[in-house]
Amino acid sequence: MGYERSFRSKLLEGMLLLAGGAIIVLAVAAASFTRHLTGYFIANRVRQNLTVVDQRIEHLAEAAVRFNGLARLHVKLNEPLPSQFETIMTALSDAFELQRELSYLGLGSESTGEYSMLQRTPGSGVTRNREYVRIPGGARQIRDYLVEARGRQLQRTLPWDGYDPRQRPFYEAAKAAAKPLWTDSYVFWGGNELGEVPGVSYVVPLYATGASLVGVLDVDFDLFDLSRFLGAIGRQSEGYCFIVEERRDGRRVLVAHPDPSQILDARTRLFPTNSVIISDAVAREILAMLSRSPTVVDSRSPVPQLLHVTGTAYYWAGHRFDRPGLPRWLVVTVVPRAVVMRETQSVYRWLLGSAVGLLGLSAILAHRLAKHVTEPLRQLQGHMSRQSAGSEPSPVTVKGPLEFRLLAESFNRLIAGIKQHRQTLIDTNRTLQSQIEQRQSAEAALRESQEKFRIAFNNSPDPIAITTLEEGRCLDVNESLCRLLGYTREEALRLNAAEFLYENPAERATVLDLLRRDGRVRDYELRGRRKDGAVFESSLSIEPVAIQGRPCLIGIMRDITERKQAAAELQRHRDHLEEVVRERTAELSRTNLVLATEVHERKRIEAELRQANEHLKELDKLKSEFLATMSHELRTPLNSIIGFSGILRQRLAGPLTAEQDKQLGMVQNSARHLLGLINDLLDLSRIESGKMEVHQTRFRVSAVTDEVLKTLEPLARAKNLSLQVESKDADAEIYSDRKKLFQILLNLAHNAVKFTDRGEVRMLVQNSPSQVRFTVRDTGIGIKPEHMALLFEAFRQVDGSARRIYEGTGLGLYLCKKLASLLGGEIWAKSEVGKGSEFIFTLPCQ
Amino acid sequence: MSAKILLVEDNEQNRYLVAFLLQAAGHHVIHASNGRDALDLAVRHRPDLILMDIQMPEMDGYEAARRLLANPVLTGVSIVAVTSYAMPGDRERAFRAGFHGYIEKPINPETFVAEMERFLQKRGGSCENSKR
């Protein structure tokens, strides 16, 4: 058995096979069941129809029999009949009204020959009564009544027409049979209103007490009425019933059919003698079959039979009434097979749907079951596949049936075991690793130590020998020693220490004594001898050591010949140095004396400087005081001059002549000029001594230019000059010293007005984000190029001739320049003689 | 409205000038030529306004102002400095000494009286208040 495919697909396959098997069984069962079901449906449908029709017929029969009983009762009650005929008829007509199934009732009297008949018109329900009565005197008369709920209404009276209804065949037959009987169906004349009517009668001979026949009662059924009933049962396409009468003569007549036109021959208006006339092919065929074989219908259990007529299949069955008291009728019911099949087909469809549903359900169930089983397996498998070779195995959690959880637990125990084992291995490995590393490092250290020793020993600048203690045998000598003594290493190793280290070999014993006493020897001075016999001064240090348990010595021998010579040289130098020091000291004390003199001098100068400084400060103070006093003292008389000239010109002190007023004006101007000079001087003094304070505020530029304009307007008007300010941005603001800006602008504009006799003076204000540029332009006398350089200097009114005409302190522009630079601005001028000047002044916005 | 004004000024011309202007405007002027006289005259005449120079012999304006202000009889009287001091800090110093106003010389004869009358109105209100 192969296991190539997954558990899931196997399970799915199994479930589907199982479901498929179930479906096949179900299909076989359904097919068989459907066959039975078809039979059942047909039988049921046929039986339903038969039952309904049978009930109707039995009901009719019962009605007839009931009337029989009623008639007999009345006959008994109202004997003798002849005298009571009217009474009986009245009672029977009442009963007839109630018994709506009946279409006709007739009663004949044997003794008088009278006859009365009640006939109901189908549809309208109107009942008429015709009586053939014998009037007193023996004559016969016909009376027609209309029967109403409250009784009969005589409508007309006719003379007897000679017809005796008692001559009718069924009347005779009843008399002959002497018992109630059903007639064969027949066609009678229902009057002008109804025409030919097929019917059947139940005829009852009535006997008085004493067994004498007194009359015959007959009640009729209208077969058209019965046909209408059959038609009302259901639609013909769904199946229908018809009734065949099996007559005593062996003929079969169609007596009731949902289509009443099938019953009577259209031409003769009688029951057709040949069934070929019947247009219902099914009925015709069944009639033919019955003719051939009457037993095709089994009355006890109607078995549906299949019939093909004009390409359509029908099921049909019949029920025969052959009991006494019932007409000899065969009720046939026909159902198209399509109708039955339609019903069975719905069962088929239901079964098919169920099968598909079952299949689907099986697939889902299989899928779920497979998932239920494979999911834990998948989890386990997934977990295992995630455990890569090198990683730490981890326990798995499986959600699923108990078996899988147990499997997972086993797996986890296995994992735990592996982990523990693995950890032990790792620990052991780590221990081994560290042991190896320790050993390796120890070996390396040893190697390094040996190497270091070898290098140190061989390359040591100190000559070293290692000898045994007792014999003085050389164990090793280094390069320095070989170089010092002139032996090769091989030669040295063959020699005894006493022989080749000491000039006097006996001296070694002395050294060994020292060693025993002190435990070591340090810088023992002795004479050594080289291989070539040369003797040299040396110093020996010895350290006792044990090499592999044997007492040995390490001896270091230094050549100190040079050192000894150097020591002698040093002594000579020292003597010389002392001499030099003595000389230098003498020189230094001389220099010192000079320096002391210099320090004294410097201190004196410092004192003088301090004094000069004090003096300067004093002078500065004096200057300030002088300025203040000068300002004060000049203002006091100026106050009087300006004040009194003002009072006079205001005419406060009395009237003035024009000339006086003009001259007082000149006094006033001169005084004001002087005042301006004082103020300018004070400002300059402040600027130069750094005492001018700057008060910065934010203000609108146009406010200042407007103020300048307002101040100079009277003067400009007096000189007939146009004075204007041009500004692009009237709301521009600046952060600066407003008072000083005003002072500068006023000064520039005042100069312009002053030096202009014709034309105009314009102040232009131009803003940029960083600065404001003021331009004061006039159409005045202008400035000669050679004077431009002197323009902004103190007391330089540029033109000597101008000075006579135009007043000015000569300090104005100088002060403007100083103020401008104090505010961080610049000022310069352009001019053309005779055309005008332009003074430009820029000021930073902040 | 005519007011009583004490004028303290050592320079005769200047005193005459200011007095002339004030009297021309209809005010009554009391003259003093130094601080000491001013103290006496102020207590005696109870002026509505005191105009005082600062640099004066005997007692200077600062001292005189301090003393005038310390006298409860003179509560509510404005003292205005009329001075030739024009150096930086002079104005601040005057206000610190208690002067209510500061006019730099040379005065403008056209606007001076109007300026004085502003002080009269301003202080007159509070003077009224203090009497009540």
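Letters go in sequence order (proteins before strands), and every chain restarts at 1.
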Interface moiety of A:E633 toward chain B, non-hydrogen atoms closer than 4.5 Å: side chain
Which atoms of B:F20 approach chain A - backbone, side chain, both or neither, heavy atom under 4.5 Å: side chain
Neighbour count above 12 (heavy atom, 6.0 Å) for [X] [atom1]:
| X | atom1 | answer |
| --- | --- | --- |
| B:R93 | CZ | no |
| A:E826 | CD | no |
| B:R66 | CZ | yes |
| B:F95 | CZ | yes |
| A:N613 | CG | yes |

Inter-chain contacts: residues 8-18 of chain B against chain A, heavy atoms under 4.5 Å: B:N11, B:Q13, B:N14, B:Y16, B:L17
Inter-residue atom distance B:K105.NZ - A:T636.OG1, 0.5 Å rounding: 5.0 Å
Euclidean distance, B:S84 OG relative to A:H632 NE2, rounded to 0.5 Å: 4.5 Å
Pairs meeting criterion salt bridge (Lys or Arg N to Asp or Glu O under 4.0 Å) with involvement of residues 27-40 of chain B, two or more places apart: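 Pairs touching residues 27-40 of chain B that pass the test: B:R36-B:E58.
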Qualifying residues under side-chain contact (heavy atoms from CB on, under 4.5 Å), relative to B:V113, sequence neighbours excluded: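 Applying side-chain contact (heavy atoms from CB on, under 4.5 Å) to B:V113 gives B:L21, B:A25, B:E117.
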Neighbours of chain B found in residues 640-659 of chain A - heavy atoms under 4.5 Å: A:S640, A:I642, A:G643, A:F644, A:G646, A:I647, A:Q650, A:L652, A:A653
